[in-house]
There are 2 protein chains.
Amino acid sequence: MLSKKTKYAIKALVMLGKNMDQPPMQIARIAEDERIPKKFLEQILLDLRNAGYLYSKKGAGGGYSLNKDPKDIFLVDILRITDGPIAMVPCASIKFYHKCEECHDEVTCGIRKAFIEVRDASLKVLGETSVADIINKEKTPISVV
Amino acid sequence: MLSKKTKYAIKALVMLGKNMDQPPMQIARIAEDERIPKKFLEQILLDLRNAGYLYSKKGAGGGYSLNKDPKDIFLVDILRITDGPIAMVPCASIKFYHKCEECHDEVTCGIRKAFIEVRDASLKVLGETSVADIINKEKTPISVV
DNA sequence: TTAATAGACTACTAAATCTATATACTTTAT
DNA sequence: ATAAAGTATATAGATTTAGTAGTCTATTAA
């Protein structure tokens, strides 16, 4: 499951993505609209800013705006900033790899191989879906579960 | 990330899958071989047993064995018993669906739609990979990351 | 029929992580 | 100067995960 942190991060980015030509948007505004605890959101936006995805301006009339085109911000990027690894086992992670302590032999481990396949499957979708795509999906009111 | 519980469950099932024609295997044996805390493993095996995947026998000469063909036990089944939902957001879950509290409109939510796609991608692999497949993968020592 | 073996079940604790809040500080516009 | 708004760090509370302990029940074999 995604942490709330990640969910909030995506929501904020989507909101800012819809606000592209407008002046910067304040944390308080995003927090209210998306029902996110303001102080928690502050931390999250800071992380996204420090990772280069947001531009921020202090002082009166300040706020946050996207620092990249919504087409160029992918779910996988956000998840890696806020939640860390995409893979379900550390030994199958690309960016956060580390050995499983109990593992006997990683090279032959069938579990690892299976979860590398799982990782690749979800990575494909996460790496192809951008903030812009999410905004677009909201315009199509047909839900297919 | 998988919980240790789930990882241990998979390891135990794989070990029992390799032991098909043998007499039942004791918890202590599995725990030692796979470096799993014994009492913790007891609970896990109980869950798997109660879900119908294992057969157990008490008393001297007792132990655990698989109650199904390794070909018919899929990763998705195990994950759902030990970790719960496959989806990364509750509103995209098939078996553990529930609404996100902060959500304004689930029907149009682009985040939900995106994560339904993620879910389907990982579900495909998890639903196709069996304990037998994992055992087979261990026989092929070529690792492709 | 008793002792030893091994799982079943319940309760509990410790540690880690996640979520949220508090406080103090810096920058900017007016 | 003052108010707006982000920056940064610390900390508290809640939840989840991991692991432990103890007792009960069933089975086998001497």
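The B:Q26 side chain lies nearest to C:dA6 when the options are C:dA6, D:dT9, D:dT7. Candidate nucleotides C:dA29, C:dT19, D:dG6 were compared by shortest atom distance to the side chain of A:A60, and C:dA29 ranks first.
At C:dA6, none of the side-chain N or O atoms of B:S56 fall inside 4.0 Å of OP1 or OP2 (strictly under the cut-off). Using a 4.0 Å cut-off, no side-chain N or O of A:K38 falls inside it from OP1 or OP2 of C:dT21. Between C:dG7 and B:R49, no contact under 4.0 Å exists linking OP1 or OP2 to a side-chain N or O.
Counting to the nearest Å, the P atom of C:dG7 and the CG atom of B:D47 are 16 Å from each other. Regarding A:R29, its CZ atom lies at a distance of 18 Å from the P atom of D:dA4, rounded to whole Å. Rounded to whole Å, the distance from OH on A:Y8 to C1' on C:dA20 is 9 Å. Spacing between atom CG of A:L48 and atom C1' of D:dT7 amounts to 15 Å, rounded to whole angstrom units. Atom-to-atom, CD1 of A:I44 to P of C:dT19 comes out at 9 Å; the value is rounded to the nearest Å. One atom, NZ of A:K11, and another, P of C:dT19, lie 14 Å apart when rounded to the nearest Å. Distance A:F40 CZ to D:dA10 C1': 15 Å, rounded to the nearest Å. Going from atom NZ of B:K58 over to atom P of D:dA26 covers 5 Å, rounded to whole Å.
One distance of note links CD1 of B:I86 with CZ of B:R80; it measures 5.0 Å at 0.5 Å rounding. Between A:I73 atom CD1 and A:L66 atom CG the span is 4.5 Å, to the nearest 0.5 Å.
Heavy atoms of B:L45 sit nowhere under 4.0 angstrom from any nucleic acid atom. Within the 4.0 angstrom heavy-atom criterion, no nucleotide atom of any strand lies near B:Y55.
Taking the ring centre of A:Y53 as origin, the terminal cationic atom of A:K68 falls inside the region bounded by 6.0 Å and 45° from the ring axis.
Not a single donor-acceptor contact under 3.5 angstrom links the side-chain atoms of A:E42 to the base of C:dT21. Between the base of C:dT21 and the side chain of A:Q43 there is a donor-acceptor pair shorter than 3.5 Å.
The nearest pair of heavy atoms linking B:T82 to B:A9 is CG2-CB, 4.0 Å.
Here the rule is side-chain contact (heavy atoms from CB on, under 4.5 Å) with B:L13, and of B:L45, B:I30, B:V131 only B:V131 fits it.
Comparing A:K39 and B:M25 along DNA chain C, the residue whose closest nucleotide (by nearest heavy atom) sits nearer the 5' end is B:M25. Of the residues near DNA chain C, A:S3 and B:L46, the one whose nearest nucleotide (by heavy atom distance) lies more toward the 5' end is B:L46.
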